[in-house]
> 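Structure below; questions to follow.
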Amino acid sequence: MPELPEVETVRRGLERHVAGRVIDAVEVLHPRAVRRHVAGPADFAAALRGRRVAAPLRRGKYLWLPADDDALLAHLGMSGQLVVGEPDRELSPHVRVRFTFRDRGPDLRFIDQRTFGHLLLSPGGARLPSVIAHIAPDPLEDAFDRVAFAARLRSRRSGIKRALLDQSLVSGVGNIYADEALWRARLHWARAADRLRGPDVNRLLDAVQEVFAEALGAGGTSFDRLYVNVNGESGYFDRALAVYGREGQPCPRCGTPVRRDPFMNRSAYSCPVCQPRPRNGRA
DNA sequence: GCTTGCGCCTGAATGC
DNA sequence: TGCATTCAGGCGCAAG
């Protein structure tokens, strides 16, 4: 699943392979991919024609390519990929949008099996697109304020994992890295956010930044190839995961079998010993 | 205003 | 074997 490290990997690839090029044509092969572009697929395609795209920017799991006074904004959802390659190769079944360029070089394809991802054109150029103004800074950007984050987190009347997944509080964290960071910080996912102590929050933030940095390092190896890829279910970071998706397997720290609990119609993985369940937790 | 839960979507995995 | 059901995930929005 594309979370912050995967999106940053894509951003770097786009910077290398797409920035500075002029779009020649846009084909929307599935309208759902541009459902958040309110003027519709035809407008999306027409408006981008002839635009020169600049180096991409990112906040959390969103990235955008400035194009004159507007920006092409992308969210990969669960299964989205932005792939660059030779224009004459076959169209795979899940290609939703295809961009070709004036230089007749490699094309750009938005591929998305589960169609939770989307693209849209937003005004503002390099500025933060207004449609994602509610997305909080992510822990890897300069604008991220640890003190402000801690204060907001500790005002939440919900469980700590739910808070971590709330992109208006801190962006970039999804289900996988939330579980991994909580394991590293030895915090149970249901701990009440408003009962966390300062050192708990610091440990958690350190863990989030660590796990992001490690995943980014693992994902940065494929940059030399002429495509920008996001691994899906079987990502390159899989082998480094301590608890996520590892129900019944030993905790790397203490050997206790990892536990899976139902959480918001999905799962939360944790070590029952390293991350003891609180008496008055909240989901 | 804040918190919670649903619906969107597809294919792999599981159950009968 | 074949069909039906479950599950995974992020986000926006509606309901509480």
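Convention: sequence-line order gives letters A, B, ...; per-chain numbering from 1.
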> C:dC11, OP1 or OP2 - any side-chain N/O from A:Gln167 closer than 4.0 Å?
yes
> From C-beta outward on A:Arg32, which listed nucleotide comes closest to its side chain: C:dG10, B:dC9, B:dT10?
B:dC9
> Quick one: which of B:dG5, C:dC11, C:dG10 gets closest to the side chain of A:Arg36?
C:dC11
> Linking I/L/V/M/F/W/Y whenever any side-chain heavy atoms sit under 4.5 Å apart, do A:Val131 and A:Leu65 land together?
no
> Which part of the nucleic acid, if any, lies within contact of A:Arg260, taking any heavy atom under 4.0 Å across all strands shown: a base, the sugar-phosphate backbone alone, or nothing?
sugar-phosphate
> Can you tell me if the side-chain N/O atoms of A:His75 get under 4.0 Å from OP1 or OP2 in C:dG10?
no
> Indicate, with a heavy-atom threshold strictly under 4.0 Å, whether A:Tyr62 touches base, sugar-phosphate, or nothing.
sugar-phosphate
> Would A:Arg21 and A:Phe101 count as a cation-pi pair here, with the cationic atom under 6.0 angstrom from the ring centre and within 45° of the axis?
yes
> Taking it one step at a time, do A:Thr100 and A:Asp107 satisfy side-chain hydrogen bond (donor to acceptor under 3.5 Å, both in side chains)?
CA-CA 5 Å; A:Thr100 51; A:Asp107 71 0; over 6 Å; no
> Which of these nucleotides, B:dG11, C:dA8, B:dG5, is closest to any side-chain atom of A:His94?
B:dG11
> Could you state the interatomic distance from CG (A:Leu153) to CG (A:Asp166), rounded to the nearest 0.5 Å?
10.0 Å
> Reckon A:His118 has a side-chain N or O less than 4.0 Å from the OP1 or OP2 of C:dG12?
no
> Can you name the one residue among A:Arg89, A:Glu27, A:His94, A:Arg96 that meets side-chain contact (heavy atoms from CB on, under 4.5 Å) with A:Arg109?
A:Arg89
> Using OP1 and OP2 only, check whether a side-chain N or O of A:Ser158 sits under 4.0 Å from B:dC2.
no
> Taking CE from A:Met264 and P from B:dC6, how many angstroms apart are they, rounded to a whole number?
11 Å
> Whole angstroms only, please: what is the CD-C1' distance between A:Glu3 and C:dC11?
14 Å
> Tell me the interatomic distance from A:Arg157, atom CZ, to B:dG1, atom C1', rounded to whole angstroms.
14 Å
> CG of A:Asp112 versus C1' of C:dG10: gap in Å, rounded?
11 Å
> Nearest whole Å is fine: how far is B:dC2 C1' from A:Arg154 CZ?
19 Å
> What integer distance in Å separates A:Leu165:CG from B:dT3:P?
14 Å
> Expressed as a whole number of angstroms, how long is the span from A:His37:NE2 to C:dG12:P?
17 Å
> Taking the side chain of A:Arg96 as heavy atoms from C-beta outward, which of B:dT10, C:dG10, C:dG12 is closest to it?
B:dT10
> Could you check whether A:Arg59 and A:Gln167, counting side-chain N and O atoms only, form a donor-acceptor pair closer than 3.5 Å?
no
> Choosing from B:dT10, C:dG12, C:dC11, which nucleotide comes nearest the side chain of A:Gln113?
B:dT10
> Hey, does the side-chain of A:Arg266 have a donor or acceptor N/O within less than 3.5 Å of a partner on the base of C:dG10?
yes
> Please determine if a side-chain N or O atom of A:Arg162 lies less than 4.0 Å away from the OP1 or OP2 oxygen of B:dT3.
no
> I need the CZ-P distance between A:Arg282 and B:dC2, as an integer number of Å.
15 Å
> Compare the minimum distances between each of B:dT10, B:dT3, C:dG10 and the side chain of A:Phe116, then state the nucleotide with the smallest one.
C:dG10
